[in-house]
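Throughout, numbering of the chain's residues begins at 1 and tracks the sequence. These numbers come from a predicted model, not from an experiment. Remember, it's 1-based here, ligands and their atoms both numbered in the order they're listed.
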Amino acid sequence: MEYLRNLQTSITALNGVGPSAKEAYAELGIATYSNLLLLSPRTWEDRSQIQPLSHLSDGQMANTLVQVLSHSYFGLKTGKKRTLKILVRDVSGSGEGRLSLLCFGRNFLEKTIKIGRIYYLYGAVTSHRGELQCSQFELYPATEDGDWPKQFGKILPIYPLRGSLSQRLIRANMQAILAGVDRFADELTPSMNERLNLMSTDQAIRTYHFPKSIEELQHARRTLAFSELFYLQLVARRHKGLAQRLAPKGPSIPTKLELKCIERLPFSLTTDQLASLKEIRQDLDSELPMNRLLQGDVGSGKTLVAWISALHVLSQGGQAAFMAPTELLARQHAESGFALLSELGIRLAFLTGSVKNKERKLLLEAIRQGEVDIVIGTHALFSAEVVFKNLRYVIIDEQHRFGVEQRLALLGKAQVPDLLLMTATPIPRTLSLTVFGNLNVSTLKTMPVGRKPVITHLVNEQSRKRMYQAVGVEFKRGHQAYFVYPRIDDSGESELRDVQTMFEFLKTEYPSVPSALMHSKLDEETKVSILKQYQAGTLAYLVSTSVVEVGIDIPNATCMVIEHADRFGLSALHQLRGRVGRSSLQSYCFLVFGDALTEEAKQRLKVMKESNDGFSIAEQDLMIRGPGEIAGTKQSGYLKLAYASLSDDLPLIELARDEADRILSEDPGLLKAEHEPIRTTLAIAPPFDEEHGEG
Ligand code: ADP
Ligand code: MG
């Protein structure tokens, strides 16, 4: 018995694999027998159905038994330019069809393809002046008694090719490996196979490469994909399983400070906010460090949850750090933090690169002495000079903007603090169940009451004028707007509208309406002062690059105009749109686009127009772009799934999760006899191991 993923023999042991094939295989990442077995066909060619010649039209595949009627030549009479033409008739059914095989460069076939004999033919036909022809074909002699030859009736795998590799070689190599293994060990238990209607691993891998029918192929793929996902979940759950056993029993109780803070709010928390707070509290009280993602659409109230949860560690004498991706955002968080917490006697401090000299020294000293409870800042909080007395809790806003390395640097700071990552780019369910399998997730789905969904308009050049009018009406109502462009100025040859030019233009469109420019080249102080004026309402609109994308919270802003919207990705568009619709006022988003739209851009705009739900948008994003592009997952080199698809296999992912949960809850150590196959597979050659998990 062999394990599918444990065949270490070099492929050079196979017939036909010399230095050049070895090199070509290496390009596909294949060095061993197991590597080759795990190579997925791009597709399969279905030769299982007869295609009689009489039913064929141009471009279709002939797949039938034929009898050779005659040989003839066409083309120039002289020299080697003459080409053999073999006329055949169909003998599979009624025997009506006729076809000419054009043997370019293969006149030698005259000797081997005998008149009167029966062959199996496979090839693409063209129709030429009423005559069916075929120049790329395969012919195999039928057996003596007129039976189909062995090539017929198969569904053949089509593999990705590199260098000198051919389908014929890969198939032969694959078959040789499969023939050399008596039986592959099962990766799952017999009872799982039966209950979940899966094949044995042995049958599945053989069928996957050389299926007898499409149904069988689907069954085999489902089996292999399930197995892969199941082990992914097992690995993820082993971390959690440990966490659960160490966790204190009974609910965690909110502290007086937390209750007081909640009481003083002018509104009530949503049910999801309450549920998330409870989950976080339990993690904070557990002995193991928390590793939790708080995801929720823009404006769902994540920041508030973060502040309240921080109070939980403060009453135990700990400190908290709250980090934002930009100085602007950090400042805004600091302000919301001060407003919410300073009256409760919490000591907050703001630390970014722009806090300098004496002020900085004093601040650092206070943090070291434990005279500061919560520090709010940017990545400056990572630097070695910042030493905490007792850092217990780290909150990171918009986690995908922080590199993995920075997160690790932070973790090195104290004795592994509890970590809460917040993201407004919701992670699709398929990813949160797999990639982030070892991360606990809290989700804010319910929005604060009274919010109206933003109305999104798609705007082309013809309707531009109407858009300016609509925004003008909002100004008259005392509301505010953002105008976003992809470029700062007009340098270069680009056709794109830019912030500088449009700033001037909009002044003529809205004379006497106060506005300001906003972009990354402004210094920090200018940005802050502009934002303050905008917040106070002395500026009616900002003309900006996408720097306003994240976090800015101005409830009175009701219009978001995004030019060249087709240039932005879905998650950026959704973030930008999230800057409006932050109160009970009706808000609008205008997505302006040019005429030369790519198919993908069209799809994106359509998704934006039709959906306000960040979760569904993130799912669509995954469909359009594929999982490799999703923020934050690319650099971690994840998702090396051979069979399962993150965009199509959600039901299977859920099934795998349920199975992993069920098995681990009844047998956490996988010690029962019936779980032996899982225990051994995990030990010897798991379909998914910890090396693939998040480090
Ligand atoms: P997020 O961080 O998810 O984008 P915030 O926490 O910044 O959301 O909240 C957005 C706005 O909604 C803030 O002005 C906040 O005070 C307000 N808010 C938060 N929770 C509620 C609630 N339960 N009811 C009403 N308003 C809320
Ligand atoms: Mg936020």
Side-chain angles (χ1 to χ4, degrees), residues 258-259 261-280 292-311 320 322-326 328-344 374 376 395-402 420-427 441-454 479-480 482 531 534-537 548-558 560 571-585 587 589 612-615 617-618:
E258 288 163 80
L259 294 174
C261 179
I262 294 171
E263 235 165 60
R264 293 161 52 102
L265 292 172
F267 44 74
S268 27
L269 295 174
T270 65
T271 41
D272 285 353
Q273 283 174 317
L274 288 168
S276 301
L277 279 169
K278 191 169 153 204
E279 287 163 354
I280 296 170
R292 184 171 284 279
L293 182 76
L294 176 61
Q295 62 172 4
D297 215 339
V298 281
S300 58
K302 296 181 296 296
T303 314
L304 187 61
V305 168
W307 287 131
I308 298 172
S309 67
L311 300 177
F322 191 128
M323 300 199 320
T326 65
L328 213 57
L329 275 176
R331 194 173 292 271
Q332 188 170 301
H333 283 318
E335 276 161 17
S336 84
F338 275 105
L340 187 70
L341 304 175
S342 52
E343 284 183 30
L344 295 170
I374 303 180
I376 301 127
I395 300 161
I396 302 182
D397 193 14
E398 305 301 342
Q399 54 92 21
H400 66 271
R401 302 201 153 214
F402 281 96
L420 182 72
L421 309 168
M422 298 199 285
T423 179
T425 309
I427 299 195
V441 179
S442 294
T443 304
L444 303 181
K445 266 222 130 162
T446 43
M447 281 289 187
V449 285
R451 297 276 170 84
K452 297 190 179 74
V454 178
H479 302 154
Q480 291 164 283
Y482 302 91
L531 218 56
Y534 188 61
Q535 197 156 26
V548 294
E549 178 179 326
V550 198
I552 291 177
D553 186 17
I554 313 284
N556 190 47
T558 58
M560 169 59 72
S571 81
L573 289 174
H574 182 62
Q575 287 295 331
L576 283 168
R577 183 170 62 183
R579 296 313 107 214
V580 297
R582 300 178 75 82
S583 68
S584 56
L585 300 173
S587 292
C589 176
N612 255 301
D613 172 6
F615 287 81
I617 290 175

For ligand 1, indicate whether the residue [X] contacts it via side chain, backbone, both or neither (heavy-atom separation under 4.0 Å).
| X | value |
| --- | --- |
| Asp553 | side chain |
| Arg451 | side chain |
| Met422 | neither |

Handout entry: Aromatic plane relationship, His333 with Trp307 - under 30° parallel, 30 to 60° tilted, over 60° perpendicular
Key = perpendicular

Exercise for the section: Flag Phe267 as yes when one of its N or O atoms lies below 3.5 Å from any N or O atom of ligand 1, and as no otherwise. Expected result: no

Exercise for the section: Tell me, please, which residues at least two apart from Ser300 pass side-chain contact (heavy atoms from CB on, under 4.5 Å). Expected result: Lys302, Leu444, Met447

Problem - Partners passing side-chain contact (heavy atoms from CB on, under 4.5 Å) against Thr558 (at least two apart in sequence or in another chain) - result: Glu474, His479, Leu585, Ser587

Fill in the blank from the handout: Closest non-hydrogen atoms of Leu277 and Val305, given as atom of the first, atom of the second and distance, are CD2-O, 3.5 Å

Where ligand 1 meets [X] - atom numbers and elements under 4.0 angstrom, heavy-atom basis:
| X | result |
| --- | --- |
| Thr270 | 23 (N) |
| Leu304 | 6 (O), 19 (C), 20 (N) |
| Ser268 | 22 (C), 23 (N), 24 (N) |
| Gln273 | 19 (C), 20 (N), 22 (C), 23 (N) |
| Arg582 | 4 (O), 7 (O), 10 (C) |

Problem - Within-shell test, Gly296 vs ligand 1, heavy atom, strictly < 4.0 Å - result: no

Completion exercise
Partner of Ser442 under side chain to side chain donor-acceptor pair (under 3.5 Å), picked from Lys278, Arg292, Gln273, is Arg292

Handout entry: Side chain proximity check, Ile617 to Arg577, heavy atoms < 4.5 angstrom
Key = yes

Exercise for the section: Would you mind reporting whether Ile395 and Leu294 have side-chain heavy atoms less than 4.5 Å apart? Expected result: no

Practice task
Select the closest option to atom 9 (O) of ligand 1 among Pro555, Gly301, Ser584, judged by heavy-atom distance.
Solution key: Gly301

